[in-house]
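These figures come from a predicted structure and were not determined experimentally. Every chain is numbered from 1, with letters handed out A, B, ... down the list of sequences. When reading the values below, keep in mind they use all heavy atoms of this one structure, side chains included, and skip hydrogens, waters and symmetry mates.
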Protein chains: 2
Amino acid sequence: MHQKKEIINKLRSSNLRPTKQRILIAKKLFDKKETFHFTAETLNKVVNRKGQTKISLATIYNTVEAFKKAGHIREILTNNSKSYYDTNIKSHHHFYDPETKKLTDIDYQEVILKKIPNPPKGKKIKDLEVVISLQKK
Amino acid sequence: MHQKKEIINKLRSSNLRPTKQRILIAKKLFDKKETFHFTAETLNKVVNRKGQTKISLATIYNTVEAFKKAGHIREILTNNSKSYYDTNIKSHHHFYDPETKKLTDIDYQEVILKKIPNPPKGKKIKDLEVVISLQKK
DNA sequence: ATTCTAGTTTATAATTATTCTAAACTAGTA
DNA sequence: TACTAGTTTAGAATAATTATAAACTAGAAT
Ligand SMILES: [Mn+2]
Ligand SMILES: [Mn+2]
Ligand SMILES: [Zn+2]
Ligand SMILES: [Zn+2]
């Protein structure tokens, strides 16, 4: 559970002004017991529920991009046409079900990589993602 | 090196009529020493080089989808807005450089998975992909 | 060989996700 | 309180892909 102050600090520490919109979005993303996966579309729905002050879709996209750059969320690999994001920024992996388009976390320790290749020269590894696609048995 | 007959058989065996367009596209994709990665856009450029009979972009998309369904090509996971495909259908992995948007093959044996999780019940594993994103050192 | 038809190709429109634009607004400092 | 750089916003623009429906054709039947 984040306090409003914590959220404001989080924003400030990444050089993002704590605007009304960013604070609300940050609450929806980070003030949860569990991490989760989302798209711009699903976040927009959650943020713009009836009653709440409206936040434009452009701001949803801007904020998601800003939070991603700041490392508060990460993008997940899928073959879907829309971008999927994760509030879990720790290294972990995913099941992906192309039928339901749902992602499920795989705990980091559930995948053990015994050997990985050296990156090409001049490059280092930014991230390693394992995606296991599923199908009906 | 595929002969035209082999290509026609490949098409026939997947219930695809060997049309002029599909044969030409199949040649560009499969009649190569090395496998490679492509997008609808790059394939369209290769197929519609000056002189050659023109194939519509709709047919490029239709054919890529048909070849994918038939298992002759596979889609690769990336965070790019366009779809990437691979003429290498054997299980293998990729480096992805977000700067250049280039994919590089990682030989299957260069990644050793010591442990992978059980799929959720009712589901089986269709595919396991490892994508290693790169950044400047 | 000719006819027939389901499958295929095509130009073009439509759709979808995302990014751009530039005017209005606001957080934070002076 | 006034200022200004950063932010939000509605709406337009873009980019990739998919849908539409008319014209074409592979291949089977005659
Ligand atoms: Mn994606
Ligand atoms: Mn992709
Ligand atoms: Zn996750
Ligand atoms: Zn490959």
Side-chain angles (χ1 to χ4, degrees), chain A residues 4-5 7-28 37-48 52-70 72-73 75-85 98 101, chain B residues 4-5 7-28 37-48 52-70 72-73 75-85 98 101:
Chain A
K4 186 164 177 177
K5 278 211 177 133
I7 283 174
I8 288 178
N9 287 341
K10 188 170 197 161
L11 292 171
R12 282 246 164 72
S13 74
S14 24
N15 267 303
L16 296 169
R17 280 195 190 166
T19 62
K20 194 158 47 89
Q21 292 86 346
R22 284 174 179 160
I23 292 168
L24 200 163
I25 294 172
K27 272 184 190 158
K28 297 291 184 189
H37 306 131
F38 66 96
T39 65
E41 193 192 7
T42 63
L43 177 59
N44 188 45
K45 275 185 192 140
V46 167
V47 162
N48 285 309
Q52 256 143 166
T53 50
K54 194 187 179 297
I55 296 180
S56 78
L57 187 56
T59 297
I60 300 283
Y61 275 102
N62 290 343
T63 304
V64 165
E65 184 60 24
F67 285 7
K68 179 181 154 189
K69 275 196 181 135
H72 301 315
I73 59 176
E75 194 173 348
I76 310 167
L77 290 173
T78 75
N79 273 336
N80 210 275
S81 55
K82 54 182 82 172
S83 294
Y84 281 70
Y85 299 91
K101 293 173 180 171
Chain B
K4 185 164 177 178
K5 279 214 176 128
I7 283 174
I8 288 176
N9 287 340
K10 188 169 199 161
L11 293 171
R12 282 246 165 71
S13 73
S14 24
N15 267 304
L16 297 169
R17 280 196 191 165
T19 62
K20 195 157 48 88
Q21 293 84 347
R22 285 174 178 161
I23 292 167
L24 200 163
I25 293 172
K27 272 184 191 160
K28 297 291 184 189
H37 306 132
F38 67 96
T39 65
E41 193 192 7
T42 63
L43 178 60
N44 188 45
K45 275 185 192 141
V46 167
V47 161
N48 285 310
Q52 259 144 163
T53 50
K54 191 185 180 300
I55 296 179
S56 78
L57 186 56
T59 297
I60 300 282
Y61 276 101
N62 290 342
T63 304
V64 164
E65 184 60 24
F67 285 7
K68 179 181 154 188
K69 274 194 182 137
H72 301 316
I73 60 177
E75 195 173 347
I76 309 167
L77 290 174
T78 75
N79 274 335
N80 211 275
S81 56
K82 53 182 84 170
S83 294
Y84 281 71
Y85 301 91
K101 292 174 181 170

For nucleotides 5-24 of chain C, give me one character per nucleotide, 5' to 3': B if any protein heavy atom sits under 4.0 Å from the base, S if the only such contacts are to the sugar-phosphate, - if neither.
-BSSBBB-----SBB-----
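- A:N9 meets the side-chain contact (heavy atoms from CB on, under 4.5 Å) test with no other residue; sequence neighbours excluded.
- Applying the side-chain contact (heavy atoms from CB on, under 4.5 Å) rule to A:K101 yields the partners A:N80, A:Y84, A:Y96; only residues at least two apart in sequence or on another chain are considered.
- Checked against salt bridge (Lys or Arg N to Asp or Glu O under 4.0 Å), B:K27 has no partners two or more places apart in sequence or in another chain.
- We find the CG-OG1 distance between A:N48 and A:T53 to be 8.0 Å, quoted to the nearest 0.5 Å.
- Heavy-atom minimum distance, B:H37 versus B:I76: CD2-CD1, 3.4 Å.
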Using a cut-off of under 3.5 Å, enumerate the N/O to N/O pairs linking the protein to nucleotides 2-4 of chain C.
none

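- Distance alone, capped at 3.5 Å, is enough to place a donor-acceptor pair between the B:R22 side chain and the B:R17 backbone.
- Remark: the backbone N or O of A:L16 is not paired with any side-chain donor or acceptor of A:S14 at under 3.5 angstrom.
- Contact check, A:R12 against C:dG28: a side-chain N or O comes under 4.0 Å of OP1 or OP2.
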Listing, residues 56-69 of chain A side-chain donor-acceptor contacts under 3.5 Å, not counting sequence neighbours, or none:
from, atom 1, to, atom 2, distance (Å)
A:S56, OG, A:T59, N, 3.2
A:S56, OG, A:T59, OG1, 3.1
A:N62, ND2, A:A58, O, 3.3
A:T63, OG1, A:T59, O, 2.7
A:K68, NZ, A:E75, OE1, 2.7

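- The CG-P distance, from A:L24 to D:dT9, rounds to 11 Å in whole Å.
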